[in-house]
Amino acid sequence: MNTILIVARKEFRDDFRNRWTVALTILFALLALGIAWFGSAAAGRVGFTSFDATLASLTTLGAFVIPLIGLLIAYDAIVGERDDGTLLLMLSYPLARGQLVAGKFLGHCGALAVATLLGFGLAVAIMQLMQPPAQTLQAWLHIGRFILSASLLGACFVGLACLISVLTVDKSRAAGLALIGWLLSVVLFDLALLALLVVSGGNPVERAMYPYLLLLNPVDVFRLVNLTALGDGAGNDLLTGMTAHHGYSPLLLCLVLLAWAVLPFAGAMLAFRRKEI
Amino acid sequence: MNHAIACEALAKRYGTLAALDGVSACVPRGRVIGLLGHNGAGKSTLIKLILGLIAPSGGRLDVLGQSPWRAHALRRRIGYLPESATFYASLSGRELLDYLARLKQAPRGQTQALLERVGLAHAADRRIGTYSKGMRQRLGLAQALLGSPELVLLDEPTTGLDPQATRELYRIVGELRADGRCVLISSHLLAELEPHIDGALILRQGRLLAAGSLDALGEQAALPARVLLHPRGDAAGELLARLDARGLPAQRRPDGRLELQVPRAGKLPVLRELLADPAVADLDVREPTLAQLYDWLGAGQRSAAEACA
């Protein structure tokens with residue numbers, strides 16, 4: 001256990017050293033403030049408006065950006081060490097292969113979580129300061145849920161990146177696969193679901209299955225966790241409308257997201273154990 | 001338990017390719033052993049097996065008294081310098097050693113001592129990315145010595161080192177031997193390696209060609225010694241004829257010296273004769289080198305089957 005933490009600490013510090021963490025913090029803060037400020041530009045106004053609407057927009061944006069960042073931060077975790085010739089050195093130390101993967105996973109997840117907390121936290125704190133009516137316990141609960149679920153979503157894709165990193169033979173292939181993974185989960189999955197709905201014409205079987213199909217993609221689970229909590233009127237009628245008849249249990253959604261965070265990572269551990277070095 | 005490494009009929013196959021086949025050998029503690037062989041001879045495979053990174057396909061391997069496969073704790077007692085070592089370029093030498101020392105549960109104070117021992121104390125806080133090849137290699141040696149390992153594996157440790165740094169490296173290897181630790185050095189540079197090793201394991205295409213102390217191997221090969229003679233004045237022709245009559249055909253070298261091959265068994269009588277010969281001004285005896293032994297064993301040659309294919 002201690003060994004995992006030693007590796008995790010090193011990866012976490014590396015992410016700081018490479019300015020990953022700082023860059024992400026700034027990115028998240030700017031995105032959040034930008035959305036908050038210009039979010040209602042379509043309605044002819046700028047400035048902070050509805051807090052819930054801002055959070056809903058952030059959710060949509062986060063669903064795009066966070067998976068990409070999770071993949072980028074960790075796609076070279078193992079294959080990069082192999083390319084640099086340090087993998088053999090690391091494995092000659094008294095640590096199990098699983099411990100190496102686990103340490104890297106935890107380190108990158110930690111860095112991503114810290115950036116999420118600091119970036120979005122800072123932005124939200126500013127919004128709250130400038131919008132006294134939004135200073136409610138409810139709002140902070142939403143924020144807490146958002147940051148926690150965003151971190152878990154990040155972990156899903158850091159895990160996927162680790163799995164890709166274990167399975168590929170060089171860095172460029174890993175990068176390519178990571179991008180394909182992003183495209184599949186963030187863009188194509190939803191398109192495919194939509195196409196399915198259109199083609200089937202929304203027959204009862206299809207309509208009954210749809211809410212469960214959404215659980216197959218961590219990105220959609222992340223959206224559901226946040227949007228179902230925000231409720232109506234936050235500008236997210238499309239998704240909530242289609243799933244309105246299905247009562248998702250918030251606890252179940254969180255568990256599914258957690259499972260998604262663990263699953264690819266467990267796959268990476270298993271694959272790395274079996275790999276011929 | 002007396003052996004640092006003991007293997008019996010050790011084999012490693014990748015699919016149908018036999019990277020190692022039927023290797024049986026013992027490496028005692030307190031010795032410096034050369035691991036020799038051309039590329040693809042199975043040296044890296046053997047090192048990975050010793051480190052427990054791959055599982056043997058057959059046979060038995062004991063390292064420091066236990067089977068190394070997935071024996072993580074055993075690796076605390078082994079030091080390893082990978083070939084052409086590269087490290088995390090963004091860390092400083094000290095940070096790298098601190099990190100690795102923590103992984104190996106080595107005493108924290110060792111980092112500074114090791115940096116001084118390999119002559120890197122002045123650059124300890126610089127980024128490894130700025131290090132020269134030789135400095136990286138020395139850093140690699142320092143990390144291999146973390147935790148005072150009982151067995152040290154050095155893979156091509158002197159590539160990229162200047163002569164001074166090479167001497168320093170072999171000085172440290174000598175200290176390790178004096179300390180009773182076993183050092184296994186894989187290298188192509190036979191002439192450079194020869195004075196520093198006690199024995200050798202010679203591999204070719206996954207098979208062990210020879211194993212043992214250099215003396216024993218020399219005895220076994222019975223290679224002739226070469227003797228170079230400086231003839232006195234213009235006595236070269238006369239000396240040449242006399243040697244010929246004695247059954248020792250000599251060859252004239254461009255520098256005027258005569259070279260003859262003296263069989264190992266009859267070396268001393270022949271030398272006594274030559275010393276007493278008035279036509280000999282000076283003589284120089286060249287014992288068979290490790291490189292010659294290596295060639296005699298055919299370690300550098302391809303097998304007949306491979307040559308035909």
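Any value given below was found using the heavy atoms of this structure, including those in side chains, with hydrogens, waters and symmetry copies removed. Residue numbering restarts at 1 for every chain, and letters A, B, ... go by the order of the sequence lines. Everything numeric here is computed off the predicted structure, so don't read it as measured data.
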Heavy-atom pair count under 4.5 Å with chain A, highest-scoring of B/T86, B/I54, B/L146: B/T86

CD1 on B/I50 to OG on A/S92, rounded to 0.5 Å: 12.5 Å

Shortest non-hydrogen separation from B/L53 to A/R97 and the atoms involved: O-NH2, 2.7 Å

B/Y14 OH: over 12 foreign heavy atoms closer than 6.0 Å: yes

Residue A/R13 excluded, over 12 heavy atoms near CZ under 6.0 Å: no

Among the listed options A/N18, A/D14, A/T86, the residue most often paired with chain B at heavy-atom distances under 4.5 Å: A/T86

Nearest non-hydrogen partners of B/R70 and A/R273, listed with the distance: NH2-O, 2.7 Å

Non-hydrogen side-chain atoms of A/V7 and B/Y99 separated by less than 4.5 Å: yes

Side chains of A/L88 and B/K48 in contact at under 4.5 Å (non-hydrogen atoms): yes

OH-CE distance between B/Y88 and A/M90, expressed to the nearest 0.5 angstrom: 4.0 Å

Side chain proximity check, B/L81 to A/L89, heavy atoms < 4.5 angstrom: no

A/P94 and B/K104, any side-chain heavy atoms less than 4.5 Å apart: yes

Chain A interface, residue from B/S90, B/A144, B/G52 that has the most non-hydrogen pairs under 4.5 Å: B/S90

A/Y93 vs B/Q143 side-chain heavy atoms within contact, under 4.5 Å: yes

CZ on A/R17 to CZ on B/R127, rounded to 0.5 Å: 9.0 Å

B/L51 side chain near A/L91 side chain, heavy-atom distance below 4.5 Å: no

Side chain proximity check, A/L95 to B/H72, heavy atoms < 4.5 angstrom: no

Flag side-chain contact, heavy atom, 4.5 Å: A/K10 against B/R102: no

